[in-house]
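Note that these values count all heavy atoms, side chains included, but never hydrogens, waters or copies made by symmetry.
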Amino acid sequence: VAVVSYCVQSHRYNIIENFGCSGSPWMDVYAILGLHGSPMLLGAISSVCGAVAIYNFIAQRRRFQVVLQQNSSLNTSRFIRLIGVAGVNIVISLLFAIRETVIAAHSVYPTVSWDYIHYDFNLVLTYDSTFFLGDPQAWVELNLSRWLPCLASFIYFAFFGMHEDMLSYYTYVWARLSQALLRTKERIFGQPL
């Protein structure tokens, strides 16, 4: 994807007020296939794998119990959470990749030549926030690119970080950390607690 990004990059980058730097691809057919096609392909592959896992879990529950008894690191709760992540992945990654590709396909530029696309390559465009406030779709796109990775992190943490085995591990880490900090405080200030 990085090589394709460079090949279809029309100028260095854009600076957007209250956002930061942003890429500047020349949205031709190659950009849509290279930049938007790979996330859609990966989303489709992971969606198929997730759907097969969900189907197999539902269809072969009895065999699954045998597999769980043979594998001590995998329990029913953990597997159900994996299935849940697969379902969320089907909904979020694939649908957003399709949405991004359809939006990008509405403004396809012609592929003229390498020199035409990279003319004045050192250009850095700046946009103030009023530019994006006037175009609600551009504002949504900009904020989705900023906040979707955070949302995905919270979803993943909700599936795996809030389970009882992790909560007990957090309690253990907190106890060890507080003991270490109290010992450090004793050494620094010389006062027993």
Side-chain angles (χ1 to χ4, degrees), residues 1-6 13-23 35-100 129 132 139-193:
V1 174
V3 173
V4 175
S5 297
Y6 175 74
Y13 51 88
N14 301 323
I15 299 176
I16 303 166
E17 181 183 13
N18 297 329
F19 181 77
C21 296
S22 173
L35 299 178
H36 296 285
S38 56
M40 195 165 53
L41 179 65
L42 291 175
I45 291 170
S46 64
S47 296
V48 167
C49 291
V52 167
I54 291 170
Y55 173 77
N56 285 336
F57 174 70
I58 292 170
Q60 301 175 3
R61 261 198 171 144
R62 289 191 183 131
R63 275 187 43 197
F64 176 69
Q65 293 300 328
V66 173
V67 170
L68 284 180
Q69 291 170 356
Q70 293 172 352
N71 190 350
S72 62
S73 67
L74 185 66
N75 56 25
T76 306
S77 173
R78 188 171 292 153
F79 190 77
I80 294 295
R81 287 181 279 149
L82 286 170
I83 294 295
V85 167
V88 169
N89 183 40
I90 290 170
V91 172
I92 290 179
S93 70
L94 186 60
L95 292 181
F96 274 108
I98 290 171
R99 178 183 178 275
E100 293 292 321
S129 58
F132 286 96
W139 184 248
V140 167
E141 293 299 317
L142 191 65
N143 281 302
L144 279 177
S145 69
R146 176 189 287 181
W147 294 110
L148 273 180
C150 299
L151 176 65
S153 301
F154 279 115
I155 290 172
Y156 187 81
F157 182 76
F159 274 107
F160 293 102
M162 298 301 291
H163 195 260
E164 60 191 34
D165 56 346
M166 288 307 299
L167 293 176
S168 63
Y169 181 71
Y170 298 151
T171 306
Y172 168 76
V173 168
W174 177 253
R176 296 287 300 212
L177 187 62
S178 61
Q179 286 175 357
L181 290 175
L182 289 175
R183 277 190 243 124
T184 304
K185 182 180 176 186
E186 273 183 32
R187 277 188 266 148
I188 292 174
F189 296 109
Q191 300 172 359
L193 297 175

Of all heavy-atom pairs between M40 and A97, which one has the smallest distance, and what is that distance?
CA-CB, 3.7 Å
I need the minimum non-hydrogen distance between G43 and S47, along with the two atoms involved.
O-OG, 2.6 Å
Rounded to the nearest 0.5 Å, what separates atom OG in S22 from atom CD1 in I16?
4.0 Å
Nearest heavy-atom pair of L94 and A44: which atoms, and what distance?
CD1-N, 3.6 Å
First locate atom OG1 of T171, then atom CE of M166, and finally report the distance between them rounded to the nearest 0.5 Å.
10.5 Å
How close do N14 and G23 get, heavy atom to heavy atom, and via which atoms?
ND2-O, 3.5 Å
What do you reckon, is OH of Y13 surrounded by more than 12 foreign heavy atoms closer than 6.0 Å?
no
Flag if over 12 foreign heavy atoms under 6.0 Å of CZ, F154:
no
A side-chain contact here means heavy atoms from C-beta on lying under 4.5 Å apart; do E100 and E141 qualify?
yes
When rounded to the nearest 0.5 angstrom, what distance separates CG in L181 from CH2 in W174?
7.5 Å
Gap separating the CD1 atom of I155 from the CD1 atom of I92, nearest 0.5 angstrom:
3.5 Å
